[in-house]
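Each ligand, and each atom within it, is numbered from 1 in the order the structure gives.
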Amino acid sequence: MLPVETIFETVDDKEFLRIAEKVLEGKRITPEEGIYLYRNGDLTALGILAEHINRQKNSMYAYFIVNRQINPTNVCMYQCDFCAFGVKKSDPKAYEMSLEEILRKVEELYRMGGREVHIVGGIPSYWGYEKYIEIVREIKKRFPEVIVKAWTAVEIHHMSKISGKSYEEVLKELKDAGLDALPGGGAEIFSERVRKIIAPYKANAEEYLEVHRTAHRLGIPTNATMLYGHVETLEERIEHMEMLRRLQDETGGFQVFIPLAYWPEGTRLGGHRTSSVDDLKTIAISRIYLDNFDHIKAYWVTLGEKVAQVALNFGADDLDGTIQEEKIVHAAGTRSAYGHSIDRLVKLIKDAGKIPAERDTFYNIVKVYQ
Ligand code: V47
Ligand code: SF4
């Protein structure tokens, strides 16, 4: 990486340099400055600045985890227009796994030394509250060493609605059953304008944030996402980051921010794929904006392996994991693999010039691959 001083020798945009100086002094940038970086920031200079901050936080490590995604069903009553995964029960593609099938998949992960199951899915109208609890309880009973990262804020909100219980009661019951962490899905874009267009029926921004706030209060760490590249404006992306930054100031419970690039194939919303320039700018700006987040994930499933490698030099420090069976973004056309071996992830990271560090769900390093 070029030294950060290079920016001041090569860029002649005075406003950009003023913001860069502020960032290097450890000061927080404003929403207006975030929007300026999106509109006018030179891509290379943004990358150098964001990567400088990342290295202060994470040194030369790039993290990955041996994990598995399990999506118990794709039947979903919410039918968000950007999602090609959630289908109606009558759809020929509809499926639902039995508990035994789910446990077999966890066992496969366990046998290969895996550490985390990531469980999210469609939300069928006919599933009762107990079903969500039972899945967590049975996994933890059979595989106590496996970390269960399960159910998005949207699913927790839904559980609260169908059971009449508060978020706190639902999360406490899930925690007692063995839940260790919440994934970040369901955030999409917080703007009410955008949600009305792409996801009018599920939990709104306030509800998403309140579920995460409650989880943090109960000692359950969570992740945060942002689905970008559909109908949102740059202002709405920054507003989204601003809302997350505020909650993180309040609770400190977010572990990582994950920008998710939108894939349009097979969705009702349609549209286009994001450009690699947009992807890298979004990684870099989120690293700069979210000064109170330790980690930024370059999710190889949405970025593709090659852009994810470059992102590891643009402010990101994590690739997610082996995953084994990704279904949600594959339904929308991503060309990335369904899963990766440990060797492949280690090679991707080494070729990106970083030190591969296998981690657990909570970002404790379990093995460094020199
Ligand atoms: O909330 C749905 C997104 C999310 C599309 O917490 C799409 O560690 C792109 O949140 N194009 C679920 N994305 C996945 C998710 C996630 C993934 C990996 C790690 C973590 C974590 C969380 O997938 C949904 C939605 O934002 N999604 N449709 C689409 N067409
Ligand atoms: Fe259902 Fe989630 Fe897809 Fe929306 S994004 S349709 S809630 S699976």
Step through it carefully: locate the ring centre of [X], locate the ring centre of [Y], and say whether they are under 6.0 Å apart.
X	Y	result
Y61	Y363	no
H157	Y208	no
Y78	H158	yes

Identified salt bridge (Lys or Arg N to Asp or Glu O under 4.0 Å) partner of E250 from the options R217, R245, R213: R213
Contacts of type side-chain hydrogen bond (donor to acceptor under 3.5 Å, both in side chains), residue E325, not counting sequence neighbours: R68, K105
With sequence neighbours excluded, residues passing side-chain hydrogen bond (donor to acceptor under 3.5 Å, both in side chains) with E25: K27
Atom 4 (Fe) of ligand 2 neighbourhood, protein N/O/S only, threshold under 2.8 Å: C80 SG
Flag side-chain contact, heavy atom, 4.5 Å: Y262 against Y228: no
Contact check, side chains of L269 and H230, non-hydrogen atoms, under 4.5 Å: yes
Within 45° cone and under 6.0 Å: K327 NZ/CZ vs Y95 ring: yes
Do any nitrogen or oxygen atoms of ligand 1 lie under 3.5 Å from a protein nitrogen or oxygen, and which ones?
unit_1   : atom_1 : unit_2 : atom_2 : d
ligand 1 : 1 (O)  : G186   : N      : 2.8
ligand 1 : 1 (O)  : E188   : OE2    : 3.2
ligand 1 : 6 (O)  : G184   : N      : 2.8
ligand 1 : 6 (O)  : N223   : ND2    : 3.1
ligand 1 : 8 (O)  : K149   : NZ     : 2.9
ligand 1 : 8 (O)  : N223   : ND2    : 3.0
ligand 1 : 8 (O)  : K297   : NZ     : 2.8
ligand 1 : 10 (O) : G185   : N      : 3.2
ligand 1 : 11 (N) : W263   : N      : 2.9
ligand 1 : 26 (O) : E188   : OE1    : 2.5
ligand 1 : 30 (N) : F82    : O      : 2.9
ligand 1 : 30 (N) : W263   : O      : 2.7

